[in-house]
J.: 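Here it is, the structure in full.
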Amino acid sequence: MKLSISGVGKNFGAVRALDRVDLDIAPGEFVTLIGPSGCGKSTLFNMLAGLLEPDAGGSILLDGKAGALLGRTAFMPQRDLLLPWRNVLDNALLPCEIEGLPRASSRARAEKMAVDFGLRGFEKHYPQQLSGGMRQRVALMRTFMFERDLMLLDEPFGALDALTRSMMQRWLLDIWERYRRTILFITHDIDEAIFLADRVVVMSTRPGRIKLDRPIELPRPRDAHLLTAPEFTAIKRELLDAVEEESLKSFSA
Amino acid sequence: MLRAALPILLLFALWEAAVIGLAIDPFYLPSIRVVAAAMQAQAPFYLDAYLVTLSEAALGFAMGGLVGVGSALLFTRLPVVKDMVLPIFIVSQTVPVIAFGAIVVLWFGNTLMAKAAIAFYLTFFPVTINTLAGIAAVDPRQVALLRSFGARQGAIMRKLLLPSALPRIFTALRLSASLALAGAIVGEWFGATRGVGAMLLAAMFNEQIVSLWASILVAAAVGGTLFAAVALAERAMVFWREEL
């Protein structure tokens, strides 16, 4: 699904959270979004998920069409937000139930998908019995079960330890290559942003704008060695400069 | 089961030891053996009182629980109704139930419904308030997530708000179980001839101390039954709570 965002802004009372954002994402593309905290990344996401209306003048088009966005993109918030009274499979099936899809076929699909998500044998476990990494995989699987071409992932690995996080990144790339969805991914972590993306978009400090849009032409499939390769470090330096500049601004503001 | 029975047996033993050891006048505290013997001698009579009061309290409790949860869901769905009706609920609770007793019996006659109505009156309000509190405590991000899946009000209510509020609902139901019993007993004081409340009054007026204590034990049995039923339902429905 092609996403075109043009001139999208948002005011909260007197605070200008987001200034005219323009961004195009091609079908099947993996785009990561970084920026200082409070730059309006989550505001942008909430608008893409249809939970928040952009201010007049901005437009968000999916495949060239405007219209209600609620239920049209698969949104994964920062916290896993799993329901403690549902087991792994039933948590992943939640969006299908809400959509009113036939139960048996959704269930069969979920059981197959659980294997790809490393949840085999845990289908009947409850969230509170799982590790942080596993909970995050369940939340991600729930997002994949909600079959939309555009996925919005808001710092999905933010709460994980470094080791689990790098495993989850490689695993996500694997899943992405298999299912080929368009992904817009928020992160605070520059390594993560470069490692995953076809393009890294850097946002400015509030009011948020697109400061830099950097294509990442590193070959795929990518592995952990990439993180120490010279071409990776070069990109990282370039992005760090941009991010630092913005972070300093938000401190002095 | 054993864990619940042991403290009760211990209490009975203490009771008996105190009566014998301190040579307490049976007028103030009769021996548990005497009370038990009296209950055994008139078992059908006490069993009848147990069943009558239990059905009154249980009916009132069930109505209170349903109306309590139902009204809270309605209030959540339609805040206008909440603004109009909740103040009436609150005012209703400031009037002691005993003031209504005679009216209720006048309306319903000396029926099961009259006692259940009084038990209901005491039970619905804590359930309404706790259900509302449980719903208010739901993480708004959780609601946003369901909305992003395209969920409407009804689905959000069924799949998120109601289950999230269950722990608080059960807290209120446990409280309401003993209130329902109090309501049923008070209801029986307005001219009933059967039930624990009627027995208590008769024993009191006739100074039948053994019978008075026996009635208290039957009342405790009714309360215990209701409480156990709520606890069992809670364990089945809120199995995920202790792990939170």
Side-chain angles (χ1 to χ4, degrees), chain A residues 42-43 45-52 67-88 90-101 106 124-130 135 138-140 142-148 150-156, chain B residues 65 68-70 72-73 76-77 79 127 130-174 230-244:
Chain A
S42 293
T43 303
F45 257 39
N46 283 329
M47 289 194 289
L48 293 176
L51 295 167
L52 206 62
L69 289 163
L70 261 185
R72 297 195 50 200
T73 54
F75 170 60
M76 178 176 168
Q78 282 175 28
R79 300 212 13 232
D80 59 62
L81 299 176
L82 299 175
L83 300 175
W85 55 87
R86 284 174 172 253
N87 64 29
V88 164
D90 289 336
N91 260 297
L93 283 166
L94 181 66
C96 307
E97 273 176 38
I98 289 170
E99 275 189 277
L101 299 178
S106 308
K124 296 268 180 287
H125 282 57
Y126 285 87
Q128 48 280 20
Q129 300 170 298
L130 304 178
R135 291 177 64 112
V138 179
L140 211 52
R142 179 182 59 195
T143 317
F144 272 84
M145 285 296 289
F146 190 54
E147 288 195 309
R148 297 296 180 271
L150 177 62
M151 301 186 67
L152 305 169
L153 310 182
D154 189 355
E155 283 192 67
Chain B
V69 174
L73 295 183
T76 307
R77 191 89 179 249
V127 181
N130 275 283
T131 309
L132 280 175
I135 288 174
V138 172
D139 189 340
R141 291 173 296 185
Q142 195 90 63
V143 178
L145 178 70
L146 262 71
R147 285 185 51 216
S148 83
F149 293 141
R152 293 175 196 287
Q153 272 294 317
I156 292 174
M157 196 79 92
R158 273 196 320 280
K159 294 188 191 299
L160 177 64
L161 302 186
L162 188 59
S164 300
L166 274 181
R168 302 236 192 169
I169 292 175
F170 272 103
T171 305
L173 287 178
R174 269 185 276 142
V230 174
L232 275 179
E234 180 171 13
R235 202 181 304 167
M237 291 173 75
V238 199
F239 59 94
W240 39 272
R241 187 193 200 180
E242 57 243 319
E243 287 127 356
L244 267 181

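Fair warning: this is a prediction, and the values are worked out from it, not measured in the lab. So that the names make sense, note that chain A is the first sequence line, chain B the second, and so on, each numbered from 1.
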J.: Would you mind checking which part of A/Phe146 comes under 4.5 Å of any heavy atom in chain B, side chain (CB onward), backbone (N, CA, C, O), both or neither?
T.: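 The side chain, not the backbone.
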J.: Return all side-chain donor-acceptor pairs below 3.5 angstrom for residues 147-157 of chain B, not counting sequence neighbours, or 'none' if the list is empty.
T.:
from	atom 1	to	atom 2	distance (Å)
B/Ser148	OG	B/Leu145	O	2.7

J.: Could you give the distance from CH2 (A/Trp85) to CZ (B/Phe239), rounded to the nearest 0.5 Å?
T.: 10.0 Å
J.: Quick one: what part of A/Arg86 sits under 4.5 Å from any heavy atom of chain B, side chain, backbone, both or neither?
T.: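 A/Arg86 touches chain B through side-chain heavy atoms alone.
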J.: Evaluate the side-chain proximity of B/Lys159 to A/Leu83: yes if any heavy-atom separation is below 4.5 Å, no if none is.
T.: no
J.: Taking every non-hydrogen pair under 4.5 Å, which of B/Arg141, B/Gln142, B/Arg158 racks up the most with chain A?
T.: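 Most heavy-atom pairs within the cutoff with chain A belong to B/Gln142.
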J.: What residue, out of A/Leu69, A/Leu152, A/Leu81, has the most heavy-atom pairs lying under 4.5 Å from chain B?
T.: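 With the most close heavy-atom pairs to chain B, the winner is A/Leu81.
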J.: Heavy-atom cut-off 4.5 Å, strictly under: side chain, backbone, both or neither for A/Thr73 against chain B?
T.: backbone
J.: With sequence neighbours excluded, tell me which residues meet salt bridge (charged side-chain N to carboxylate O under 4.0 Å, His left out) with A/Asp80.
T.: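 By the salt bridge (charged side-chain N to carboxylate O under 4.0 Å, His left out) rule, A/Asp80 matches A/Arg135.
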J.: When rounded to the nearest 0.5 angstrom, what is the spacing between CD1 in A/Ile98 and CG in B/Leu146?
T.: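 The CG atom of B/Leu146 is 4.0 Å from CD1 of A/Ile98, to the nearest 0.5 Å.
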